[in-house]
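This report refers to the structure that appears directly beneath it.
Because the structure is predicted, anything quoted here is derived from the model rather than measured.
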Amino acid sequence: MARFDIVLLIGLCLIISVFPDTTTAQLSRGFYSKTCPNVEQIVRNAVQKKIKKTFVAVPATLRLFFHDCFVNGCDASVMIQSTPKNKAEKDHPDNISLAGDGFDVVIQAKKALDSNPSCRNKVSCADILTLATRDVVVAAGGPSYEVELGRFDGLVSTASSVEGNLPGPSDNVDKLNALFTKNKLTQEDMIALSAAHTLGFAHCGKVFKRIHKFNGINSVDPTLNKAYAIELQKACPKNVDPRIAINMDPVTPKTFDNTYFKNLQQGKGLFTSDQVLFTDGRSRPTVNAWASNSTAFNRAFVIAMTKLGRVGVKNSSNGNIRRDCGAFN
């Protein structure tokens, strides 16, 4: 190697070491140990209080976290309210169905933190949402895990930025993998995170085509379990209000477990994007493995959630700590 090339290489190494990847380097489990040492307990208490009022808060918070991180990163930009001059993320058609109880979990936890003088305006809304998401998973019987903290809240939220960045109910494995790869997530991460559909509900409008007018040959998607298809048709008859809610998991809709994968084995995935994980040979082995091993699934889910929480993290130069989670400072 020529001397010039060696000098250039050394220079590049120095640049990399001086300017590390701040998007994840700033995250740590003890980020608030001095400024707000009780942050986790305060958020957990607020979450538990909300769940006692309505279980909907559990799947709503989990879905809110996913929708936030997949658009401009985990920066609570999905919480921003629209103004006459700006249509925000939450008002994009793909986010309209986000349940208000998920937003309220973060708002109530923020209020609880702000009532503590040492924590007031010290904890980002993005970190509150990340902690609350872990807490709702645990409350539903899912695995507990350490949460990395240190995110700042985003300074931008536009409905246009949502377009094409969230998985759709009719997506195939290629489309799903492409979306997740864009966020540095693997196919295994995608399958693990898809299992969040073990909780909560969807709306009839999202499955109407699968059960009434699938294509020119079949009115019902042939990959659907026949008995399950009949159940869905009864719950979502033709001309039904598309906002009518149905359980994502027909067996254990209020428990975070690996029943999601057992359902797929039986043709009981509610969305095409769920069932395709079993019908596609590339993802089927993982579905089968986790259907028979809940410990392995829980481990993979924790890994995927941790990686998801690192997507698009903001720092003090391109973010801040919001005083109001629903509005920019």
Side-chain angles (χ1 to χ4, degrees), residues 22-66 68-69 73-80 100-155 199 256 298 301-303 305-316 319-329:
T22 56
T23 57
T24 55
Q26 74 200 38
L27 298 181
S28 67
R29 293 173 182 174
F31 188 83
Y32 297 105
S33 59
K34 294 182 179 179
T35 55
C36 181
N38 297 324
V39 59
E40 296 207 27
Q41 190 59 54
I42 293 171
V43 171
R44 186 177 298 115
N45 290 344
V47 168
Q48 291 173 345
K49 187 182 293 186
K50 178 68 180 181
I51 293 173
K52 284 181 181 178
K53 294 179 180 178
T54 172
F55 180 83
V56 172
V58 173
T61 304
L62 182 54
R63 187 166 179 239
L64 185 66
F65 177 66
F66 184 89
D68 181 47
C69 292
C74 306
D75 63 355
S77 54
V78 73
M79 298 209 54
I80 292 293
D101 289 302
F103 293 91
D104 195 50
V105 163
V106 180
I107 292 168
Q108 295 306 318
K110 167 74 169 165
K111 284 182 181 178
L113 286 165
D114 284 350
S115 69
N116 184 317
S118 66
C119 296
R120 186 175 297 126
N121 294 326
K122 295 288 200 316
V123 184
S124 69
C125 301
D127 276 346
I128 295 172
L129 176 55
T130 308
L131 284 169
T133 301
R134 184 271 311 275
D135 293 339
V136 298
V137 168
V138 173
S144 183
Y145 53 94
E146 296 286 346
V147 174
E148 298 173 335
L149 300 168
R151 298 164 191 80
F152 283 72
D153 296 322
L155 307 177
L199 295 169
F256 186 96
N298 284 342
F301 183 79
V302 168
I303 291 171
M305 286 294 281
T306 301
K307 290 169 67 175
L308 178 60
R310 295 170 181 166
V311 173
V313 170
K314 307 299 185 294
N315 54 42
S316 58
N320 59 20
I321 307 293
R322 276 186 222 139
R323 292 186 291 272
D324 176 352
C325 291
F328 298 122
N329 291 348

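- Summarising the geometry, atom OG1 belonging to Thr130 is positioned 8.5 Å from atom CE belonging to Met305; distances are rounded to the nearest 0.5 Å.
- Under the ring-ring contact (aromatic ring centres under 6.0 Å, His included) criterion, Phe256 pairs with Phe297, Phe301, sequence neighbours left out.
- For the pair Arg151/Asp75, no side-chain contact is recorded, criterion being any heavy-atom separation below 4.5 Å from C-beta on.
- Inter-residue side-chain proximity for Lys110 and Asn121 is flagged as met; some heavy-atom pair is nearer than 4.5 Å.
- Partner of Val137 under the side-chain contact (heavy atoms from CB on, under 4.5 Å) criterion, chosen from Leu62, Thr61, Val58: Leu62.
- Among Thr133, Leu64, Val47, the single residue meeting the side-chain contact (heavy atoms from CB on, under 4.5 Å) criterion with Val105 is Val47.
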- Task: Take Gln48 and Asp135, measure what side-chain contact (heavy atoms from CB on, under 4.5 Å) needs, and give me the verdict at the end.
- Result: CA-CA 8 Å; Gln48 291 173 345; Asp135 293 339; over 6 Å; no

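- The backbone N or O of Phe152 lies less than 3.5 Å from no partner atom in the side chain of Asn320, so there is not a single donor-acceptor pair.
- Not a single salt bridge (Lys or Arg N to Asp or Glu O under 4.0 Å) links Arg63 to another residue, sequence neighbours left out.
- Between Asn116 atom CG and Asn38 atom CG the span is 7.0 Å, to the nearest 0.5 Å.
- With 3.5 Å as the limit, one finds no donor-acceptor pair spanning the side chains of Asn45 and Lys50.
- Checked by atom type and distance alone, the side chain of Arg134 pairs as donor or acceptor with a backbone atom of Tyr145 at under 3.5 Å.
- Between atom CD1 of residue Ile321 and atom CG of residue Asn329 there is a gap of 9.0 Å, rounded to the nearest 0.5 Å.
- From Lys34, atom NZ reaches atom OG of Ser118 across 14.5 Å, with rounding to the nearest 0.5 Å.
- Contact detail for Val302 and Ser144: the closest heavy-atom pair is CG2-O, 4.5 Å.
- Between Val311 and Cys69, the shortest heavy-atom contact is CG1-O, 3.5 Å.
- Listed for the Gln26 side chain is a donor-acceptor partner under 3.5 Å among the backbone atoms of Gly150.
- Minimum interatomic distance between Ala126 and Ala76 (heavy atoms only, all atoms of both residues): N-CB, 3.7 Å.
- Using modelled atom types, no side-chain atom of Arg322 and backbone atom of Ile80 make a donor-acceptor pair closer than 3.5 Å.
- One finds the NZ atom of Lys314 at 10.0 Å from the CG atom of Asp153 (value rounded to the nearest 0.5 Å).
- Remark: Arg120 CZ is packed, more than 12 non-hydrogen atoms of other residues, nucleotides or ligands lying under 6.0 Å away.
- Between Pro143 and Val138, the closest heavy-atom pair is O-CG2, 3.6 Å.
- Here the shortest heavy-atom pairing between Leu308 and Cys74 reads O-SG, 3.1 Å.
- The distance from atom CG of Asp114 to atom NZ of Lys111, rounded to the nearest 0.5 Å, is 10.5 Å.
- Using modelled atom types, no side-chain atom of Asn298 and backbone atom of Gly142 make a donor-acceptor pair closer than 3.5 Å.
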Check your understanding: Could you go step by step and tell me if Asp101 and Lys53 meet the side-chain contact (heavy atoms from CB on, under 4.5 Å) rule?
Key -> CA-CA 10 Å; Asp101 289 302; Lys53 294 179 180 178; over 6 Å; no

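- Applying the side-chain contact (heavy atoms from CB on, under 4.5 Å) rule to Tyr32 yields the partners Thr35, Cys36, Val39, Val123, Ser124, Asp127, Leu149; only residues at least two apart in sequence or on another chain are considered.
- The shortest heavy-atom contact between Ala109 and Ala46 is CA-CB, 3.7 Å.
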